[in-house]
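Written out below as structure tokens is the structure these notes cover.
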Amino acid sequence: DAKTTQPNSMESNEEEPVHLPCNHSTISGTDYIHWYRQLPSQGPEYVIHGLTSNVNNRMASLAIAEDRKSSTLILHRATLRDAAVYYCILANAGKSTFGDGTTLTVKP
Amino acid sequence: NAGVMQNPRHLVRRRGQEARLRCSPMKGHSHVYWYRQLPEEGLKFMVYLQKENIIDESGMPKERFSAEFPKEGPSILRIQQVVRGDSAAYFCASSPGQGQQPQHFGDGTRLSIL
């Protein structure tokens with residue numbers, strides 16, 4: 001399975017932008033890049049996904065490198081409610097492999 | 001618009017008993033996925049099902065674990081003769097299709113083995 005690599009943890013100040021990186025050097029041409037986040041005692045929540053082009057939605061933006069070997073999730077203005085574990089995964093034909101994710105801490 | 005519903009939220013079993021975890025997917029979703037999460041770890045894929053079919057069970061332990069998604073009713077993850085190591089949070093997700101379709105997760109069942 002194609003794997004992703006993320007930093008274990010990151011910190012941000014409230015109201016500032018956050019860039020969460022993800023490396024996926026073994027990505028295949030048909031793999032989609034998905035981001036989820038998980039708050040304590042809850043199931044993961046879908047954030048955003050893309051294939052080749054950058055994507056924007058009400059929660060975040062996804063910037064995908066031209067060679068698709070890395071991507072960055074961008075939270076434009078972090079709030080305390082954005083503190084969570086963020087998972088970058090590659091999705092293809094059903095099975096999705098979650099890594100350990102990045103724990104984002106947001107400081108007031 | 002009901003999301004993915006899992007029950008029970010918490011389940012306590014003694015060693016050797018059976019555990020049944022239920023998952024009702026979102027309306028219109030015919031694909032169901034089960035994951036297991038140990039404390040302080042990420043989610044581990046277990047099994048992917050469509051209605052009445054197991055598509056990928058590569059993450060399921062070979063013994064004691066089984067899953068089904070019948071034509072009518074919820075998907076069931078069944079663990080027979082539970083052991084302490086089965087204690088974990090079990091999450092179910094559903095999607096309308098496979099591959100690039102985002103998965104929508106339930107809030108999980110926390111299984112504790114005494």
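Order of the sequence lines sets the chain letters (A, B, ...), proteins ahead of strands, with each chain counted from 1.
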| message | Using only non-hydrogen atoms and a strict under-4.5 angstrom cutoff, which residues of residues 63-86 of chain A touch chain B? | response | none
| query | In residues 106-114 of chain B, which residues are in contact with chain A at a heavy-atom separation under 4.5 Å? | reply | B:Gly106, B:Asp107, B:Arg110
| query | Do B:Tyr33 and B:Val47 share a hydrophobic cluster (ILVMFWY, side-chain heavy atoms under 4.5 Å, transitive)? | reply | no
| request: Compare every heavy atom of A:Tyr87 with every heavy atom of B:Gln37, then report the nearest pair and how far apart it is. | output: NE2-OH, 3.4 Å
| message | Atom CD of residue position B:Gln81 - does it have more than 12 heavy atoms of other residues, nucleotides or ligands inside 6.0 Å? | response | no
| Can you get from B:Leu21 to B:Ile76 by hopping between Ile, Leu, Val, Met, Phe, Trp and Tyr side chains that sit under 4.5 Å apart? | no
| query | Can you check ring pair (Phe, Tyr, Trp, His ring centres under 6.0 Å) on A:Phe98 and B:Tyr35, steps first, answer last? | reply | CA-CA 10 Å; A:Phe98 283 73; B:Tyr35 296 84; 5.4 Å; yes
| request: Measure the shortest side-chain to side-chain distance between A:Tyr36 and B:Gln103 over non-hydrogen atoms and say whether it is less than 4.5 angstrom. | output: yes
| Of all heavy-atom pairs between A:Pro44 and B:Phe105, which one has the smallest distance, and what is that distance? | O-CB, 3.2 Å
| task | With a 4.5 angstrom heavy-atom cut-off, could you sort out which part of A:Gln38 is near chain B: side chain, backbone, both or neither? | result | side chain
| task | Consider only side-chain heavy atoms of I, L, V, M, F, W and Y, link residues closer than 4.5 Å, and tell whether B:Leu77 and B:Leu49 are in one cluster. | result | yes
| query | Taking A:Tyr32 for the side chain and B:Pro102 for the main chain, is one N or O donor matched with an acceptor at less than 3.5 Å? | reply | no
| task | Can you tell which part of A:Ser41 gets under 4.5 Å to a heavy atom of chain B, answering side chain, backbone, both or neither? | result | both
| field | Connected via hydrophobic side-chain network under 4.5 Å: B:Val32 and B:Met5 | value | no
| query | Would B:Ile55 end up clustered with B:Met60 when hydrophobic side chains under 4.5 Å apart are linked, directly or stepwise? | reply | no
